[in-house]
Participant: 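Please find one structure pasted underneath; my questions will follow.
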Amino acid sequence: MDGTEQKDTETNAPSVIDRYYTRWYRVDMKGKPCEDHCILQHSNRICVVTLAETHPILQNGRAIKSINYQISNGCSRLNNKVSGKSKRGGQFLTDFAPLCRITCTDETEYTIYSCIRGRLLEVNENILETPHLLLEKPSTEGYIAVILPKFEESKSITENLLSREEFDSVVSKRIAASQPS
């Protein structure tokens, strides 16, 4: 193997996310245009909630003012504690359970939802100290939360989500609709 072949292999190698996770999307969350979420599903059922690359937070060079996991007076996602092999004690989430609220410097507020049913395993506390991770690396260090669906629901959770191809189709239709004719 010469040096050129090795460079081709390195540049064409899929990322860890592309290799081990399947991307699923929920578009226009709660009817809000372009507020798209991405779910990275691992073969072991664990799902990572991230922002889709089309989400308004990741557009137009926005900056994040604050991220708040305090959903209501009685519910903070930061208080979530799981233990043991079966991850007992984690908060159970429905499809539309809010995970956090993100406020941009222009005072626009976005609520990020779970998109799937399951047990909340962890929230990403690193983005509280360094919110730019959410903007720079939304699929890796800038993830929002990790959720474990129930075993019996692990196959059916993707029924309401779009595949990468379906998501790309929705995005192209959006772009075509926004172009002046």
Side-chain angles (χ1 to χ4, degrees), residues 15-32 34-58 64 66-103 109-131 133-164 166-167 170:
S15 70
V16 171
I17 299 294
D18 293 332
R19 189 177 305 158
Y20 297 111
Y21 290 85
T22 305
R23 290 177 189 264
W24 297 98
Y25 295 88
R26 174 73 58 90
V27 296
D28 301 336
M29 197 65 191
K30 288 215 162 182
K32 296 179 181 170
C34 299
E35 287 198 24
D36 306 333
H37 294 51
C38 176
I39 307 297
L40 303 172
Q41 184 182 35
H42 194 274
S43 58
N44 66 3
R45 299 185 356 243
I46 287 181
C47 296
V48 180
V49 179
T50 67
L51 295 178
E53 54 271 15
T54 54
H55 197 284
I57 292 173
L58 303 177
I64 295 174
S66 67
I67 299 171
N68 188 358
Y69 283 110
Q70 182 78 33
I71 300 308
S72 65
N73 289 339
C75 179
S76 172
R77 301 297 182 210
L78 289 172
N79 294 338
N80 188 63
K81 300 282 183 258
V82 296
S83 64
K85 187 175 175 182
S86 61
K87 306 300 180 205
R88 284 183 295 277
Q91 298 171 8
F92 190 79
L93 305 172
T94 61
D95 295 24
F96 296 105
L99 291 171
C100 69
R101 290 193 178 82
I102 300 173
T103 307
E109 186 176 277
Y110 298 95
T111 301
I112 309 304
Y113 296 93
S114 62
C115 301
I116 56 171
R117 290 170 40 93
R119 191 168 303 284
L120 181 64
L121 297 185
E122 76 174 60
V123 293
N124 186 0
E125 294 183 34
N126 294 335
I127 60 175
L128 294 174
E129 289 98 42
T130 51
L133 283 176
L134 187 64
L135 301 171
E136 294 170 7
K137 302 175 181 179
S139 295
T140 54
E141 286 103 347
Y143 70 95
I144 305 292
V146 178
I147 299 172
L148 180 64
K150 287 184 176 178
F151 182 75
E152 51 280 0
E153 293 179 4
S154 58
K155 296 282 187 247
S156 65
I157 59 162
T158 58
E159 287 173 358
N160 297 327
L161 303 175
L162 301 179
S163 68
R164 181 66 193 207
E166 293 166 328
F167 177 70
V170 167

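Note: hydrogens, waters and symmetry copies are ignored here, and every other heavy atom, side chains too, is used. Throughout, residue positions are numbered sequentially from 1 according to the sequence presented.
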Participant: With side chains defined as the heavy atoms from C-beta onward, is the minimum distance between Thr22 and Leu40 less than 4.5 Å?
Facilitator: no
Participant: Any side-chain to backbone donor/acceptor pair from His37 onto Val49? Under 3.5 Å, distance only.
Facilitator: no
Participant: What pair of heavy atoms forms the shortest contact from Leu128 to Ile67, and how long is it?
Facilitator: CD2-O, 3.2 Å
Participant: Nearest 0.5 Å, what's the CD-CD1 distance between Glu35 and Ile57?
Facilitator: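 With rounding to 0.5 Å, CD (Glu35) is 7.5 Å from CD1 (Ile57).
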Participant: Quick check on side chain to side chain donor-acceptor pair (under 3.5 Å): which of Gln91, Gln70, Glu125 does Arg77 satisfy it with?
Facilitator: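 Going through the options one by one, the only one that passes is Gln91.
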Participant: Please give me the minimum heavy-atom distance between Val48 and Tyr143, naming the atom from each residue.
Facilitator: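 That closest heavy-atom pairing would be CG1-CB, 3.5 Å.
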Participant: Mind checking whether Glu109 and Ile102 have side chains closer than 4.5 Å, heavy atoms only?
Facilitator: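 Glu109 does not reach Ile102 side chain to side chain.
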Participant: Is any side-chain heavy atom of Ile71 closer than 4.5 Å to one of Thr111?
Facilitator: no
Participant: Where is the tightest heavy-atom contact between Cys100 and Ile144, given as atom of each residue plus distance?
Facilitator: SG-CG2, 3.9 Å
Participant: So, taking the atom named CD1 in Ile157 and the one named CH2 in Trp24, what distance separates them when rounded to the nearest 0.5 Å?
Facilitator: 9.0 Å
Participant: How long is the straight-line distance from OH of Tyr110 back to NE2 of His55, given to the nearest 0.5 Å?
Facilitator: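 With rounding to 0.5 Å, NE2 (His55) is 7.0 Å from OH (Tyr110).
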Participant: Quick check: closest heavy atoms across Asp95 and Arg117, and the distance to 0.1 Å?
Facilitator: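 Smallest heavy-atom distance, with atoms named: OD1-CG, 2.8 Å.
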Participant: In Å, rounded to the nearest 0.5 Å, how long is the span from CD1 of Ile116 to CG of Leu93?
Facilitator: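 Between Ile116 CD1 and Leu93 CG, I get 8.5 Å after rounding to 0.5 Å.
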Participant: Looking at Ser114 and Thr94, would you say the former's side chain and the latter's main chain have a donor-acceptor pair under 3.5 Å?
Facilitator: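 Here the side-chain-to-backbone pair exists.
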Participant: Return yes when atom OH of Tyr20 has more than 12 non-hydrogen atoms of other residues, nucleotides or ligands closer than 6.0 Å, and no otherwise.
Facilitator: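 12 or below, so no.
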Participant: To the closest 0.5 Å, what do you measure between SG (Cys38) and CG (Leu51)?
Facilitator: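 Cys38 atom SG to Leu51 atom CG measures 9.0 Å (nearest 0.5 Å).
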Participant: Within the 4.5 Å heavy-atom criterion, are Val146 and Ile46 side-chain neighbours or not?
Facilitator: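 Of all side-chain heavy-atom pairs linking Ile46 with Val146, at least one is under 4.5 Å.
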Participant: Between the main-chain N or O of Asp18 and the side-chain N or O of Ser15, is there a donor-acceptor pair closer than 3.5 Å?
Facilitator: yes
Participant: For the pair Ile17 and Thr140, evaluate side chain to side chain contact (heavy atoms under 4.5 Å, CB included) and give the outcome as yes or no after the intermediate values.
Facilitator: CA-CA 8 Å; Ile17 299 294; Thr140 54; 3.9 Å; yes
Participant: Mind listing the closest non-hydrogen atom pair of Glu122 and Asn80 along with its distance?
Facilitator: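 Where Glu122 meets Asn80 most closely, the heavy atoms are N-ND2, 4.2 Å.
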Participant: Check the angle between the aromatic planes of His42 and Tyr21 and answer parallel, tilted or perpendicular using the 30° and 60° thresholds.
Facilitator: perpendicular
Participant: Using every non-hydrogen atom in the two residues, find where Leu99 and Ala145 come nearest and quote the distance to one decimal.
Facilitator: CD1-CB, 4.0 Å
Participant: Quick test of your reading of the model: are Arg164 and Glu53 salt-bridged, counting only N-O distances below 4.0 Å?
Facilitator: yes
Participant: Cation over ring, Lys150 on Phe92, under 6.0 Å and within 45°?
Facilitator: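 Geometry flag: set, cation within 6.0 Å and 45°.
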Participant: Are the side chains of Tyr69 and Asn124 in touch, meaning some heavy atoms are under 4.5 Å apart?
Facilitator: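 Side-chain contact under 4.5 Å: yes.
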Participant: Would you check, one step at a time, whether the test side chain to side chain contact (heavy atoms under 4.5 Å, CB included) holds for Val170 with Tyr25?
Facilitator: CA-CA 11 Å; Val170 167; Tyr25 295 88; over 6 Å; no
Participant: Can you tell me how far NZ of Lys30 sits from CG of Asp28, rounded to the nearest 0.5 angstrom?
Facilitator: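 One finds 14.0 Å between CG of Asp28 and NZ of Lys30.
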